[in-house]
Amino acid sequence: MAPSHALRCCKRALNWVPVLFINLVVAWSYYAYVVELCVCNYLVIFHIFLAMFIWSYWKTIWSKPASPSTAFALPRAEKEMYEKEQRAEVQQEILKKVARNLPVYTRTAGGAIRYCDFCQVIKPDRCHHCSSCEKCVLKMDHHCPWVNNCVGFSNYKFFILFLAYATLYCAVICATVVQYFIKFWTKQLPDTHAKFHILFLFFVAALFFISIVSLYSYHMWLVGKNRTTIEAFRGPVFANGPDKNGFSLGFKRNIADVFGEEAKYWIFPVFSSQGDGHSFVTRLVHIDPEQANSVLQQNGKMFVFLFFPYIQVVIFFLLTIVLISVVNLISPVAGETNLSVVADDEPHTEGENKEKTGMQLLFVFFYYICFFVQVSLPLCHFFVPAFIFAKQIICNYVTFVTC
């Protein structure tokens, strides 16, 4: 038992590494923006978005995932019968008997009652067992390693606001630092260590902005459809069959289901979602089978989201080409200027060229580190091995440079 407990403690400690990484990046960005650059004209809006970002981020982290109530646990007599029974058919009859008094309408792919053997409860609609949290989570969307927590009914609104304010935070940095970034490449800034903060701050903010805004757009699309990430890939199964839109009640009601009916609470990370997480209104329960079949035939026609991670990789391929082109365009101009000014000073020109080449290599190295980190952010939710893409891109670029 001791080794198992020790391994579990190590695993829990390692789970906080992504959270520590995010906080270190935010702390460094604050130092670079406020201390090194000190963009005084935008400090107020910068601190507003930073405060809302940190507030929603830590609310997402510390909100305990909601679990099914004891009403969904088997009564003592039925539990003993269920554990003693070996036949699956009889076990299902026991579960169906108990589920008659519960607001449970979804089933397994085979039409059976959804029961968690680990938590020993009948799963409410949209509830799933998380192996990382080791519990059943109400309206589970996914387990996010960047917040070291399950995103579900209790904190899904906080997660959406976290993505929104992170996007705005990165956008403010990019919009206000781009002028200094241009001066950096045109050698109009003083030769101090602050220029390296400008370079890294701009690209880190830009890369995280593209990554987070894509993930935020995807989740807002899910909110508009009243789906979870799990339901987007595997639709919930009702008595009439699977239906990804089974919980959709129209765009306005879908938005209110997550953010609440009072719009004044929408922008603040305070809980305002509707319901208790145990039961949800569904459009397929109280309609006749023929109407249900006609509804089911309209589902499954939107598969663009399946290619969402790959679209983002293509975008970054194009972004890489643009950035390399910019670097290659700037370098010859700088080299020609130096040659015309100090044409008789050959060692000085060669030294500047070496310095420029070193800056390019440093820029490319840091860019792909950020590329790997930020691409893995949304792709980890789609189980796509992002490191393969990053590794292949780096190898291709190294081959290109050495040619």
Side-chain angles (χ1 to χ4, degrees), residues 21-58 60 146 160-217 220 266-269 312 315-316 318-327 329-331 333-334 356 359-360 362-375 377-378:
F21 172 78
I22 294 296
N23 283 273
L24 289 176
V25 171
V26 174
W28 166 78
S29 67
Y30 183 86
Y31 168 79
Y33 192 89
V34 177
V35 178
E36 292 292 341
L37 295 181
C38 192
V39 188
C40 300
N41 296 334
Y42 305 98
L43 286 182
V44 174
I45 189 172
F46 171 83
H47 281 92
I48 290 176
F49 287 142
L50 174 63
M52 298 301 292
F53 162 64
I54 294 177
W55 184 10
S56 56
Y57 180 60
W58 283 100
T60 308
W146 299 101
I160 295 294
L161 292 179
F162 151 59
L163 295 179
Y165 287 120
T167 301
L168 293 174
Y169 178 70
C170 293
V172 168
I173 293 178
C174 290
T176 56
V177 174
V178 64
Q179 55 180 328
Y180 300 98
F181 176 76
I182 295 174
K183 292 180 180 180
F184 169 80
W185 281 112
T186 56
K187 291 185 177 293
Q188 298 179 16
L189 285 180
D191 191 13
T192 62
H193 65 280
K195 65 180 184 180
F196 295 102
H197 288 284
I198 294 174
L199 174 67
F200 297 152
L201 181 63
F202 177 78
F203 278 107
V204 169
L207 295 174
F208 272 92
F209 170 79
I210 297 176
S211 173
I212 297 174
V213 74
S214 59
L215 185 60
Y216 170 72
S217 302
M220 285 305 298
W266 286 6
I267 63 174
F268 298 104
Q312 189 185 39
I315 292 175
F316 274 93
L318 299 176
L319 181 61
T320 302
I321 296 174
V322 172
L323 291 175
I324 292 176
S325 301
V326 171
V327 173
L329 285 174
I330 292 176
S331 299
V333 174
K356 195 67 177 181
M359 286 297 299
Q360 289 185 35
L362 178 64
F363 156 74
V364 172
F365 176 73
F366 184 77
Y367 170 75
Y368 281 114
I369 289 178
C370 296
F371 173 86
F372 169 75
V373 172
Q374 68 83 36
V375 169
L377 174 65

### Message
Please enumerate all residues that pass ring-ring contact (aromatic ring centres under 6.0 Å, His included) together with Tyr216, with sequence neighbours excluded.
### Response
none
### Message
Within this structure, what is the CZ-CG distance for the pair Phe162 and Leu215, rounded to the nearest 0.5 Å?
### Response
8.5 Å
### Gap separating the CD1 atom of Ile182 from the CD1 atom of Ile198, nearest 0.5 angstrom
11.5 Å
### Task
Return the set of residues passing side chain to side chain donor-acceptor pair (under 3.5 Å) with Thr176 (not counting sequence neighbours), or none when no residue passes.
Tyr33
### Atom pair CZ (Phe203) and CZ (Phe209), whose distance is rounded to the nearest 0.5 Å
15.0 Å
### Message
Could you check whether any side-chain heavy atom of Trp58 comes within less than 4.5 Å of a side-chain heavy atom of Asn23, counting everything from C-beta outward?
### Response
yes
### Message
Just to verify, what does Tyr165 make a side chain to side chain donor-acceptor pair (under 3.5 Å) with, not counting sequence neighbours?
### Response
none
## Note on the structure
For residues 48-57, the side chain to side chain donor-acceptor pair (under 3.5 Å) pairs (sequence neighbours left out) are none
### Task
Can you measure from CG (Leu43) to CD1 (Ile48) and round to the nearest 0.5 angstrom?
11.0 Å
### Query
With Ala32, which residues qualify under side-chain contact (heavy atoms from CB on, under 4.5 Å), at least two apart?
Trp28, His197, Leu201
### Message
Minimum heavy-atom separation for Leu163 and Ile212, please, with both atom names.
### Response
O-CG2, 3.4 Å
## Note on the structure
The side chain to side chain donor-acceptor pair (under 3.5 Å) partners of Tyr30 (sequence neighbours excluded) come to His47
### Query
For the residue pair Phe21 and Phe208, does the interplanar ring angle fall in the parallel (under 30°), tilted (30 to 60°) or perpendicular (over 60°) class?
tilted
